[in-house]
There are 2 protein chains.
Amino acid sequence: MTDATPSLRPPRRGRPPKAQAQLSRTAIQQAALSVIDAEGIDAVSMRSVSRILGVDAKSLYHYVEDKGDLLDAVAEHVLEQLRPPAATDSIDADLRAWAHEFRRITLAHPQAATLVLTRQLSSTVGLAPVEGILEVLRRTGRGPEEAVHFLRTLLATLIGTLLREASAGPTFGTTDPAGIAERQATLEASGLPQIGLAAPYLARFDRDREFDFTVDLIIRLATTPDVTDQIAD
Amino acid sequence: MTDATPSLRPPRRGRPPKAQAQLSRTAIQQAALSVIDAEGIDAVSMRSVSRILGVDAKSLYHYVEDKGDLLDAVAEHVLEQLRPPAATDSIDADLRAWAHEFRRITLAHPQAATLVLTRQLSSTVGLAPVEGILEVLRRTGRGPEEAVHFLRTLLATLIGTLLREASAGPTFGTTDPAGIAERQATLEASGLPQIGLAAPYLARFDRDREFDFTVDLIIRLATTPDVTDQIAD
DNA sequence: ACCTGAACACCGTTCAAGT
DNA sequence: ACCTGAACACCGTTCAAGT
């Protein structure tokens with residue numbers, strides 16, 4: 001109807017409907033993800049998602065309970081992309097592989113990171129990484145209870161690190177000398193002594209290096225045999 | 001003015017306006033926080049906040065740029081509650097004190113946790129903890145650059161841990177035997193071997209213990225002198 | 001200086017009705 | 001079985017006008 005189409009189909013504007021043929025939960029997940037990638041998570045609405053599918057907003061309710069369920073579906077969809085790394089004979093390497101795989105799927109859709117990393121998923125899709133990481137942790141010789149503690153610490157660190165990286169946006173990196181200089185100046189202007197001394201390092205942020213540093217640190221912890229003995233008191 | 005005032009002031013419904021006398025950025029922060037505490041972050045709207053203040057929604061725009069700015073203001077308000085712990089002669093104890101102070105202000109308004117922990121604040125209020133923690137980290141003998149790395153790891157872990165704790169809600173705790181049993185059963189039904197073995201521990205979650213475990217672990221790391229030498233390769 | 005009426009372009013969701 | 005029209009009670013925000 002935007003042009004010379006004489007049909008009495010529903011009017012469309014902007015991008016054409018992907019497929020008016022078939023609606024489905026998967027199609028909705030993908031449409032929502034495309035909205036998120038293009039315009040961020042705040043742009044997700046029943047109406048914006050349905051527009052992409054060339055369908056009325058209310059039609060979504062046949063495949064999705066409500067907006068919260070739709071967002072859960074997106075988070076699950078992203079988590080499902082996770083491919084469990086094959087085990088090697090190195091515990092350290094295996095944990096590192098899990099961490100990087102987590103990072104990979106998260107940064108594939110950085111604007112969806114909050115969703116993926118903070119939604120309490122009731123579904124079963126979150127269990128695969130838990131099983132996989134527990135398996136590696138058990139190889140350190142620790143029992144199930146201790147392994148769970150380490151799993152939680154490891155996941156918390158991973159989530160905190162990835163949330164920061166994803167929400168920092170592309171602005172906050174090493175690749176922007178002007179921005180670095182500006183941030184450094186602001187920090188130095190604060191007058192706080194430690195911040196003044198550390199300003200050059202606080203002002204820059206090498207994503208890859210920073211991730212590796214934190215992951216190496218936390219993994220060393222998880223694989224150092226006597227750590228918890230010292231803490232147990 | 002709340003009682004037998006025959007004036008032709010604007011009509012009020014439900015809870016009385018707190019103070020139609022004076023609107024201010026601080027008053028708005030507090031009103032928003034009270035909405036968050038009572039009904040969660042999704043209940044925050046220009047209209048819901050203004051209703052508490054007995055004022056029209058549009059009036060808020062005299063003190064706040066837009067809704068995003070209002071939420072930033074709330075995050076800052078919570079962060080300002082942070083009272084830097086006094087230094088002792090123990091590095092470990094001082095880092096622990098910072099961690100617990102962070103936890104204290106976060107859990108004082110658990111529904112605002114996402115806001116406080118994930119908002120990229122452009123203001124200066126976030127600098128106090130950075131300065132304080134850097135100061136402690138420098139006492140380990142590390143230089144500013146290394147101290148910044150550890151600061152980032154420590155904050156990421158803290159944020160990940162507190163996000164989990166705050167969003168878990170009061171449901172997911174040790175204090176609910178029925179819930180624990182149910183979760184354990186669900187986990188065991190997954191058929192995944194490691195999850196089956198760890199189910200009793202995955203099903204329960206002692207907030208205090210879990211926080212202490214992670215914080216002790218990460219602090220031990222920050223104060224172990226030779227850790228980064230081993231990683232440096 | 002501070003507040004609001006009118007107005008706009010949006011939301012999520014229900015339900016009864018259409019094919 | 002799947003989709004939508006009508007409808008409701010909400011949103012954030014602008015701007016010109018009131019005191």
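These numbers come from a predicted model, not from an experiment. Order of the sequence lines sets the chain letters (A, B, ...), proteins ahead of strands, with each chain counted from 1.
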Atom [atom1] of [X] and atom [atom2] of [N]: how far apart are they, to the nearest Å?
X: Met46(A); N: dC10(C); atom1: CE; atom2: C1'; value: 15 Å
X: Ile28(B); N: dC3(C); atom1: CD1; atom2: C1'; value: 12 Å
X: Leu53(A); N: dC3(D); atom1: CG; atom2: P; value: 10 Å
X: Asp56(A); N: dC11(C); atom1: CG; atom2: P; value: 12 Å

* Stepwise salt bridge (charged side-chain N to carboxylate O under 4.0 Å, His left out) check, Arg207(A) with Asp212(A) -> CA-CA 9 Å; Arg207(A) 316 161 79 100; Asp212(A) 287 339; over 6 Å; no

* To do: Decide yes or no for Gln194(B) and Leu197(B): does some side-chain heavy atom of the first lie under 4.5 Å from some side-chain heavy atom of the second?
  => yes

* Asked: Can you tell if the side chain of Leu154(B) reaches within under 4.5 Å of the side chain of Leu151(B), non-hydrogen atoms only?
  -> no

* Structure fact -> Rounded to the nearest 0.5 Å, the CE atom of Met46(A) sits from the OH atom of Tyr61(A) at a distance of 4.0 Å

* To do: Please step through salt bridge (charged side-chain N to carboxylate O under 4.0 Å, His left out) for the pair Arg25(B) and Asp69(B), ending with a clear verdict.
  => CA-CA 11 Å; Arg25(B) 197 173 165 95; Asp69(B) 187 36; 3.2 Å; yes

* Under a 3.5 Å cutoff on both atom distances, Watson-Crick or G-U, what's the dot-bracket for DNA chain D ([ ] crossing, | other strand)? -> ||.|||||...|||||.||

Using a cut-off of under 3.5 Å, enumerate the N/O to N/O pairs linking the protein to nucleotides 17-19 of chain D.
none

* What pairs meet the salt bridge (charged side-chain N to carboxylate O under 4.0 Å, His left out) rule with one or both residues in residues 115-126 of chain A, with sequence neighbours excluded? -> Asp72(A)-Arg119(A)

* Asked: Do His149(B) and Glu210(A) have side-chain N/O donor and acceptor atoms under 3.5 Å apart?
  -> yes

* Asked: Of all residues at least two apart in sequence or in a different chain, which pass the side chain to side chain donor-acceptor pair (under 3.5 Å) check with Asp56(A)?
  -> Lys58(A)

* Excluding sequence neighbours, so at least two apart, what forms side chain to side chain donor-acceptor pair (under 3.5 Å) with Ser50(B)? -> none

* To do: Please find out if less than 6.0 Å separates the ring center of Phe150(A) from that of Phe213(B).
  => yes

* Before accepting this row, confirm whether a basic side-chain N of the pair Arg103(B)/Asp208(B) lies closer than 4.0 Å to the acidic partner's carboxylate O. => yes

* To do: Between Ala57(A) and Arg47(A), name the one whose nearest nucleotide on DNA chain D is closer to the 5' end.
  => Ala57(A)

* Mind listing the residues from residues 58-72 of chain A sitting with a heavy atom below 4.0 Å of DNA chain C? Number order is fine. => Lys58(A), Tyr61(A), Asp66(A), Lys67(A)

